[in-house]
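The chains referred to below are lettered A, B, ... by the order of the sequence lines, with proteins before strands, and numbering in each begins at 1. For the numbers below, each heavy atom of this structure counts, side chains included, while hydrogens, waters and symmetry mates do not.
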There are 2 protein chains.
Amino acid sequence: MQQQPTLSVSVEVSARHVHLDIVAFETLFGTGTKLSLKRDLSQPGQFASSETVVLKTQGGLLESVRILGPLRDYCQVELSKTEARLLGLDPPIRRSHELDLDGTPGLTIVGPQGEIRLDKGVIIPWRHLHISNTEALDLKLAADSLVSVRITGERATIFENVLVHMHPSFHLSVHLDTDEGNAAGVGMHTEGEILPW
Amino acid sequence: MQQQPTLSVSVEVSARHVHLDIVAFETLFGTGTKLSLKRDLSQPGQFASSETVVLKTQGGLLESVRILGPLRDYCQVELSKTEARLLGLDPPIRRSHELDLDGTPGLTIVGPQGEIRLDKGVIIPWRHLHISNTEALDLKLAADSLVSVRITGERATIFENVLVHMHPSFHLSVHLDTDEGNAAGVGMHTEGEILPW
């Protein structure tokens, strides 16, 4: 019987964050302001900026929400379900890398120089695996397929339906939100295993 | 080949809560005050009270934390990891039904009539399965053994290391914390499946 493949992979937790377009950013931070780099993220070119905003709904406030850079051509807010509930929102689980915002709730984003009202744009990100096209080809993993990832420890957990998100530049890693990371006891250097597919 | 057993089970999310002894309760709410019933919980005799407290640390505040009744002979605070982090705490994962509080962090509990300082008592509850002794015997599930529970849906998840917590009065159900419940998309009427053991 042929042994099915398994693969060790680093597991990263994406804390709540927003993506902004330049109009939104300049409204919040002032015309001509630039997004400043705080820390590079694991995916090439992506970074956590020094700038944070406040999210506001009728239900509550969420402070210190970081802007990820670079700026994009749309606005999107990515929260855990726990955080969404603090704001009185019930966003759907959506693929964070597609512009799939129909039917999602909106909110108000507050910055030091102004605020903007989004009619839509709040999602809970679908758990996903970043992988380069080359690695995916080697491993016979198809784009947009779903795999299962096992994390060991006291809170050992198998996450099913982990979306394979492929791009030539990607560094191999699983991205979970904070609920998922906390549920599975994910720390700073957690490794997971992609189960046989 | 003999088919291994599987078992469908209701999945419930235990929100953050505190257990108090009578001295703590009367300090917080006034001498002679009684805990009042808001809602019965699934386990016989257990209830959510109308009374809530505020949890306070140097790191922050957590409001509207419900007291579960009846009063016990000790104080214990059960939080999700997300909530613990909001307070700047890093509690261990412990069995919530054992008095196993050595090495756990403390905090201040604030009520309408006073406050108390706990030197220890904050835990993240270990995911567990409530089961009656009779059902456990029928199913050949040993007390304190660990089982795996699968939840289906967009956020399909298998939680391993679910502790079998047995008592003659128990109603069959899995208890998760809010991080775990949100990570797996658990709603009001979610069923899980105990995987073959």
Side-chain angles (χ1 to χ4, degrees), chain A residues 11 13-16 59-64 79-86 89-95 100 123-128 146-163 174-188 190 192-193 195, chain B residues 11 13-16 59-64 79-86 89-95 100 123-128 146-163 174-188 190 192-193 195:
Chain A
V11 179
V13 176
S14 291
R16 63 197 191 194
L61 287 178
L62 202 58
E63 296 182 323
S64 304
L79 303 177
S80 72
K81 195 161 181 174
T82 296
E83 291 156 347
R85 283 190 173 159
L86 290 175
L89 300 178
D90 186 20
I93 320 281
R94 291 279 169 90
R95 300 172 179 209
D100 181 17
I123 66 165
I124 297 171
W126 193 297
R127 52 180 78 140
H128 54 276
L146 299 170
V147 295
S148 294
V149 175
R150 179 164 189 259
I151 295 164
T152 56
E154 281 183 327
R155 300 194 123 184
T157 299
I158 297 171
F159 290 114
E160 304 182 11
N161 294 348
V162 178
L163 183 73
V174 169
H175 277 203
L176 303 177
D177 76 2
T178 48
D179 286 338
E180 294 167 327
N182 287 338
V186 173
M188 291 296 288
T190 296
E193 182 189 22
L195 297 186
Chain B
V11 179
V13 176
S14 292
R16 64 200 190 192
L61 287 178
L62 202 57
E63 297 183 322
S64 304
L79 302 176
S80 71
K81 195 162 181 174
T82 297
E83 291 157 347
R85 283 190 174 159
L86 290 175
L89 300 178
D90 187 19
I93 320 280
R94 291 280 170 88
R95 301 172 180 209
D100 182 17
I123 66 165
I124 295 169
W126 194 296
R127 53 181 78 141
H128 55 278
L146 299 170
V147 294
S148 294
V149 174
R150 179 163 189 259
I151 294 164
T152 56
E154 280 183 330
R155 300 193 123 184
T157 299
I158 296 171
F159 290 115
E160 303 182 12
N161 293 349
V162 178
L163 183 71
V174 168
H175 277 203
L176 303 177
D177 76 1
T178 49
D179 286 338
E180 294 167 328
N182 287 338
V186 173
M188 290 296 288
T190 297
E193 182 189 24
L195 297 186

Atom CD of A/E154 and atom CZ of B/R127: how far apart are they, to the nearest 0.5 Å?
10.0 Å
What residues form a salt bridge (Lys or Arg N to Asp or Glu O under 4.0 Å) with B/D90, not counting sequence neighbours?
none
Just jot down the side chain to side chain donor-acceptor pair (under 3.5 Å) partners of A/S14, sequence neighbours excluded, or say none.
A/H175
Picking from B/I158, B/D177, B/N161, B/V162, which has the most non-hydrogen pairs under 4.5 angstrom with chain A?
B/I158
Below 4.5 Å from any heavy atom of chain B, which atoms of A/R155 appear? Answer side chain, backbone, both or neither.
both
Check each atom of A/I124 against the heavy atoms of chain B and say whether the ones under 4.5 Å are side chain, backbone, both or neither.
side chain
Run through B/T178, B/T82, B/N182 and flag the one making a side-chain hydrogen bond (donor to acceptor under 3.5 Å, both in side chains) with A/T82.
B/N182
Chain B interface, residue from A/L146, A/T152, A/T157 that has the most non-hydrogen pairs under 4.5 Å:
A/T157
